[in-house]
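Some notes on the structure that comes next.
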Amino acid sequence: MAVGYAIVALLAAAVAVFALQNSNPTSVRFAVWSLDGVPLAGLVLVSLVAGIIVAGLPLLIQRWRLRSRVRALERRVQALESAPVAPAPSRSAPPPPPAMTG
């Protein structure tokens with residue numbers, strides 16, 4: 001767990017250094033609107049977050065579907081395990097083979 005915290009701290013420090021070193025204002029244009037004076041680091045970080053959301057949303061939907069399927073299958077298994085078991089039919093001696101005519 002401590003290694004995870006150290007990695008998060010290093011990433012946070014890298015993001016802070018990136019933001020401090022790239023604070024130059026820039027203008028952003030998209031379709032019919034434009035923004036002037038947006039810090040470059042802010043623009044890059046917002047783009048990163050938007051990319052993570054766009055890439056992660058289908059994965060979250062797939063995970064939700066798989067979890068609901070697992071829950072349904074677990075309910076089915078539980079129902080089958082709790083159902084009474086019918087006794088197996090008793091097996092008597094096998095029937096004799098047919099007589100050969102010839």
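Values reported hereafter were calculated over all heavy atoms of this structure, with side chains retained and with hydrogens, waters and symmetry mates removed.
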> In the hydrophobic cluster built from side-chain contacts under 4.5 Å, what are the other members alongside Val15?
Replying inline: Leu45

> Rounded to the nearest 0.5 Å, how far does CD of Glu81 lie from CZ of Arg76?
Replying inline: 12.5 Å

>> Would you say that more than 12 heavy atoms from the other residues, nucleotides or ligands in this model lie under 6.0 Å from the CH2 of Trp64, or not?
In response: no

> Which atoms form the tightest heavy-atom contact between Ala19 and Ala41, and what is the distance?
Replying inline: CA-CB, 3.4 Å

> Can you name the nearest heavy-atom pair linking Ser82 to Ala79, along with the distance?
Replying inline: OG-O, 3.2 Å

> How does the hydrophobic cluster around Val3 look, that is, which other residues are in it when side-chain heavy atoms under 4.5 Å mark a link?
Replying inline: Ile7, Leu11

Using atom types as modelled, flag every donor-acceptor pair under 3.5 Å from a side chain in residues 22-32 to any protein atom, sequence neighbours excluded.
from  : atom 1 : to    : atom 2 : distance (Å)
Asn22 : ND2    : Phe18 : O      : 3.0

> If you measure from CZ on Arg63 to CZ on Arg67, what distance do you get to the nearest 0.5 Å?
Replying inline: 4.0 Å

> Looking at side-chain heavy atoms only, is the closest gap between Leu35 and Val38 below 4.5 Å?
Replying inline: yes

> Residues sharing Val77's hydrophobic cluster, by side-chain heavy-atom contacts under 4.5 Å among ILVMFWY, directly or via others?
Replying inline: none

> Who passes side chain to side chain contact (heavy atoms under 4.5 Å, CB included) against Arg69, sequence neighbours left out?
Replying inline: Leu73

> Members other than Ile52 in its cluster, when Ile, Leu, Val, Met, Phe, Trp, Tyr link by side-chain heavy atoms under 4.5 Å?
Replying inline: Leu48

